[in-house]
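Worksheet: one structure, shown below.
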Amino acid sequence: MLIVAYDGAQILDIACPSGALDIANRYGAEPPYSIELGTLGRRVARSSAGIPMGAGQGLETVAGQLDTLFVVGGIGCEDAASDESLLGQVRRLARLSRRVASVCTGAYVLAAAGLLDHRRVTTHWGWGKRLAERHPAVAVDVAPLYIRDGNIYTSAGVTSALDLTLALIEDDHGPTLARAVARELVTHLHRPADQAQISMFLAAPPSENRLVRDLMGHIASHLAEDLTPATLAARAGVSPRHLTRLFTAHLGTTPAQAVRVARTEAAAHLVRSSGLPMTAVARRCGFGSAETLRQALLDHYGETGDRIRRMPDMPTARVASKQETPGP
């Protein structure tokens, strides 16, 4: 595997895939992964944190077949995407590679190199809209953690590179090795590709009550699943009535209202950061239809999805009435 770096690259974008593959080798990956860091002219690249990174390969000198080409992201991605020498090498190396992957805003470099045209891709949720505007031929979808389209793999922000790399290890060597690597890294065994990036947008601040806090984390990470009060109560091992008492005491709202607000706020972020149609946003965030989503946005923000998409900043939520009817 060759990792392409440049000045301003995010060091975690490099550490996540290289660290996971190194552990896979130590657990017996056969054939083992060969991991190299490459830069133009084999120059030392300075990470976004200011840490110098010595390259083992000059991109211009790499020849022969490559298994995986990994292009990382970081605050230097736009300069990298404007560097014709770098783009030329990325195009050349992509032709030599069995598969090509990007981490986070590394998608900017792949897109500028013309490798993402007419493909469905993802990137960091905060950068997706700009990527879509700059490259209209690229189908940007910032909802999933990572996407495979043919032999092109793109992943979301920073640590989603770990999810993508675990998926590559599973593809190459099977689930047993991937699980072993995940355990060594003390991370999720395998978050699915379509788990939403936007699950971090919680409506309520973290509760001091552990049960409520854990359930809110589950809600945020599983917006499209069954989140009825009965299902949440069963997950927590309490009665629906006791669950309602806990949510009311610690969040000032019912479980159904908390779910509705979490879904609505996640949907608003997804509307603003992607070009997805409202039906797709509704499906991703657990609403039964685009009309149900439209009503939820009106109730919560006083704005429609189309208006929210055109706004320069996120709208401010209205203060909900105590008589507001909980949604799905």
Side-chain angles (χ1 to χ4, degrees), residues 73 77 102-108 110-111 115-150 152-158 160 163-164 167 191-203 219-227 259-315 317 327-328:
C77 67
S102 67
V103 184
C104 194
T105 52
Y108 272 65
L110 294 186
L115 299 174
L116 302 185
D117 286 357
H118 312 298
R119 294 185 186 267
R120 177 171 168 259
V121 308
T122 193
T123 187
H124 188 287
W125 64 266
W127 291 72
K129 189 174 183 180
R130 261 183 289 178
L131 180 63
E133 290 171 349
R134 190 169 300 179
H135 299 280
V138 179
V140 179
D141 181 353
V142 297
L145 289 174
Y146 59 90
I147 290 174
R148 175 183 180 179
D149 189 330
I152 301 287
Y153 297 73
T154 52
S155 60
V158 192
S160 63
D163 300 287
L164 172 56
R191 291 192 295 178
D194 59 358
Q195 181 167 316
Q197 291 188 56
I198 40 75
S199 64
M200 76 285 289
F201 297 113
L202 287 174
I219 289 167
S221 299
H222 299 82
L223 294 169
E225 297 180 13
D226 179 2
L227 297 175
V259 168
R260 180 181 173 88
V261 171
R263 284 173 165 164
T264 304
E265 295 197 348
H269 282 280
L270 190 52
V271 164
R272 285 183 46 75
S273 59
S274 78
L276 289 175
M278 297 303 290
T279 51
V281 174
R283 185 173 62 253
R284 292 278 172 82
C285 295
F287 290 96
S289 66
E291 177 56 30
T292 307
L293 171 59
R294 188 188 73 84
Q295 190 58 56
L297 292 171
L298 282 171
D299 291 344
H300 193 65
Y301 295 107
E303 303 286 356
T304 64
D306 288 341
R307 285 261 309 155
I308 290 172
R309 180 163 276 160
R310 294 194 298 268
M311 287 180 172
D313 300 301
M314 275 292 296

Legend entry - Nearest atoms (heavy-atom pairs only) where S102 meets L110: CB-CD1, 3.5 Å

Inset, instruction - Please check if the side chain of T264 supplies one atom and the backbone of L297 the other of a donor-acceptor pair under 3.5 Å. - result: no

Legend entry - Closest approach of V103 to S155 (non-hydrogen atoms, all atoms of both residues): CA-OG, 3.3 Å

Legend entry - Nearest non-hydrogen partners of T279 and A290, listed with the distance: CG2-CB, 3.9 Å

Inset, instruction - Please name the pair of heavy atoms, one in W127 and one in Y108, separated by the smallest distance, quoted to 0.1 Å. - result: O-OH, 3.0 Å

Inset, instruction - Mind checking the CD-CG spacing from E265 to L223? Nearest 0.5 Å is all I need. - result: 11.0 Å

Legend entry - Y153 OH to L164 CG distance, which is reported to the nearest 0.5 Å: 8.0 Å

Inset, instruction - Identify whether the distance between the nearest side-chain nitrogen and carboxylate oxygen of R120 and D149 falls below 4.0 Å. - result: no

Inset, instruction - Determine the minimum heavy-atom distance between C285 and A266, stating which atoms define it. - result: SG-C, 4.0 Å

Inset, instruction - Output all residues satisfying side chain to side chain contact (heavy atoms under 4.5 Å, CB included) with R307, sequence neighbours left out; order by chain, then residue number. - result: E303, T304, R310, M311

Legend entry - Gap separating the CD1 atom of I152 from the CD1 atom of I147, nearest 0.5 angstrom: 12.5 Å

Legend entry - Sub-4.5 Å side-chain heavy-atom contact between L270 and R284: yes

Inset, instruction - Give a yes or no on whether the backbone of R148 and the side-chain of T154 come within a donor-acceptor separation of less than 3.5 Å. - result: no

Legend entry - N/O donor-acceptor pair under 3.5 Å between R260 side chain and A262 backbone: no

Legend entry - Beyond-backbone contact of D141 with V121, side-chain heavy atoms, under 4.5 angstrom: no

Inset, instruction - Answer yes or no: is there a donor N or O on one side and an acceptor on the other, between the side chain of Y146 and the main chain of S160, under 3.5 Å? - result: no

Inset, instruction - For T123 and A156, indicate whether the former's side chain and the latter's backbone hold a donor-acceptor pair under 3.5 Å. - result: no

Legend entry - Ion pair R294/E291, N-O distance below 4.0 Å: yes

Legend entry - Closest non-hydrogen atom pair between A107 and L131, with its separation: CB-CD2, 4.1 Å

Legend entry - Distance, nearest 0.5 Å, that separates CG of L227 from NE2 of H222: 9.0 Å

